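One structure coming up, written as structure tokens, with questions to follow.
Sequence lines set the chain letters: A, B, ... in the order given, protein chains first and strands last, and positions in each chain run from 1. Values below: every heavy atom of this structure, side chains too, minus hydrogens, waters and symmetry copies. These numbers were taken from a predicted model, which means no experiment stands behind them.
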Number of protein chains: 2
Amino acid sequence: MDRIDEEILKLLKENGRMTSSEISKHVHLSVPAVSERIRKLEEGQVIDRFTVRLNREQTGLHLLAFIMVQLEKPEHVAGFRTMIVQTPSVLECHHLAGEYDYLLKVALKSTGELEQLISEQIKRLEGVSKTNTMIVLSTMKEEM
Amino acid sequence: MDRIDEEILKLLKENGRMTSSEISKHVHLSVPAVSERIRKLEEGQVIDRFTVRLNREQTGLHLLAFIMVQLEKPEHVAGFRTMIVQTPSVLECHHLAGEYDYLLKVALKSTGELEQLISEQIKRLEGVSKTNTMIVLSTMKEEM
DNA sequence: TTTCTTCGTCGATCCGATCCACTCGAATCC
DNA sequence: GGATTCGAGTGGATCGGATCGACGAAGAAA
């Protein structure tokens with residue numbers, strides 16, 4: 001990981017489909033040299049994967065929210081985890097230190113869907129003692 | 001946006017560099033037909049952009065945290081916004097409804113960096129009345 | 001029915017990726 | 001000190017995917 005690798009990653013973050021020949025012009029290396037660096041970044045797990053970033057608004061997901069969840073005991077984690085994995089509207093789930101145990105980031109079509117998610121999926125789960133939902137009004141920055 | 005477009009998006013989410021010819025085998029269309037659909041998804045803004053997802057651990061960012069921020073008055077927003085945009089460790093910044101005004105997602109090398117971010121960058125700002133930091137212990141799910 | 005539009009296929013061409021042989025420079029080892 | 005080895009890059013040839021244009025089929029509107 002040197003200066004050039006960082007530059008390559010920066011370019012690929014902006015455009016994950018930028019060709020090696022395009023990149024080679026920016027970093028002043030030959031095409032095979034760039035390809036080799038990218039291959040190594042993937043192999044060395046610095047690059048997790050190439051992906052596509054969707055526009056949630058355009059796909060009807062107008063509501064973004066964060067839900068903090070308190071789980072009573074560790075034995076309830078398995079059921080909770082299953083629900084998280086199976087629910088596509090849950091974009092992220094982080095285990096936390098502090099008052100709440102989990103923080104979920106969810107994207108939904110409407111407040112109706114949010115209500116349903118909270119009352120029929122989350123609160124229905126064994127061991128969920130408390131939740132706290134924060135509705136997102138707007139997003140200033142969002143990267144990975 | 002039909003069934004086939006959704007399938008294409010699903011494939012591209014998993015591998016943003018999957019070739020049109022690869023995709024064409026999955027969705028049973030010709031290569032130009034797939035290319036055309038991808039082009040239209042980009043043009044119609046459903047696809048925001050192609051990008052690369054990095055492994056934060058591999059780049060030394062071992063600490064992930066969420067910081068809730070309370071801002072006293074709207075006139076303090078400009079300075080806050082400037083700080084957010086200029087700080088690379090802030091991955092996300094959402095404007096919230098509720099007790100706190102902003103939720104930040106930050107990735108850092110260490111607790112030392114977190115301390116510095118909170119006390120020297122965030123709390124130093126005019127108008128920041130209260131913050132609440134949640135440290136992430138582990139992440140179960142993380143998509144866009 | 002005829003026409004127009006949309007969406008697809010097919011084939012040709014073009015361009016980028018990959019592979020291989022070779023070079024260069026730095027570090028290692030006798 | 002000189003030879004060796006290894007990592008990283010270059011340049012050219014080849015291979016394969018993307019793109020483009022011509023064409024065809026299906027559905028909607030006149």
Would you indicate what A:Ser20 reaches in the nucleic acid, counting non-hydrogen atoms under 4.0 angstrom: base, sugar-phosphate, or nothing?
->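 Result for A:Ser20 = sugar-phosphate.
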
A:Ala33 vs B:Lys25, nearer the 5' end of DNA chain D by closest nucleotide |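 Residue closer to the 5' terminus by nearest nucleotide: A:Ala33.
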
Please state how far atom CD1 in B:Ile8 lies from atom C1' in D:dA18, giving the value in whole angstrom units.
->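 Atom-to-atom, B:Ile8 to D:dA18, this comes out as 15 Å.
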
In whole angstroms, the gap separating C1' of C:dG16 from CD1 of A:Ile38 amounts to 12 Å

Value in whole Å for how far the C1' atom of D:dA8 lies from CE of A:Met1 = 17 Å

Could you state the atom-to-atom distance from NZ of B:Lys40 to C1' of D:dT19 in whole Å?
-> 15 Å

d(CE, B:Met18; C1', D:dG16) in whole Å =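 Between C1' of D:dG16 and CE of B:Met18: 17 Å.
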
Salt bridge between A:Lys130 and A:Glu99, side-chain N to carboxylate O under 4.0 Å?
-> yes

Proximal nucleotide (of D:dT10, C:dG16, C:dT9) relative to the A:Leu29 side chain | D:dT10

Please report, rounded to the nearest Å, how far the C1' atom of D:dG17 is from the CD atom of B:Glu36.
-> 17 Å

Side chain of A:Pro32 - closest among C:dC19, D:dG17, C:dA17 |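 Selected nucleotide (nearest to the side chain): C:dC19.
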
Looking at B:Arg17, does any N or O in its side chain come under 4.0 Å of the phosphate oxygens OP1/OP2 on C:dA17?
->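 No, because none of the side-chain N or O atoms of B:Arg17 sits under 4.0 Å from OP1 or OP2 of C:dA17.
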
Considering only C:dA17, D:dA18, C:dG8, which nucleotide approaches the side chain of B:Arg37 most closely?
-> C:dG8

Ring centroid separation B:Tyr102 to B:His95 under 6.0 Å = yes

Length of the line joining A:Glu42:CD and C:dA17:P, which is rounded to integer Å = 13 Å

What is the distance, rounded to the nearest whole Å, between atom CG of B:Asp2 and atom P of D:dG27?
->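 In whole Å, D:dG27 P and B:Asp2 CG are 15 Å from each other.
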
Under 4.0 angstrom between A:Ser35 side-chain N/O and C:dT18 OP1 or OP2 |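 Yes, such a contact exists.
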
Considering only side-chain heavy atoms of A:Ser30, which listed nucleotide, D:dT19, C:dT9, D:dG9, is closest?
-> D:dG9

Atom CZ in A:Arg39, atom CG in A:Leu41: separation rounded to 0.5 Å?
->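 Rounded to the nearest 0.5 Å, the CZ-CG separation comes out at 10.0 Å.
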
Would you please confirm or rule out a distance under 4.0 Å between OP1 or OP2 of C:dT18 and any side-chain N or O of A:Arg39?
->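 The answer is no; no side-chain N or O of A:Arg39 sits under 4.0 Å from OP1 or OP2.
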
For A:Glu115, look at atom CD and say whether over 12 heavy atoms of other residues, nucleotides or ligands are found less than 6.0 Å away.
-> no

Between B:Ser89 and B:Thr87, a side-chain donor and acceptor under 3.5 Å =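 Short answer, no.
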
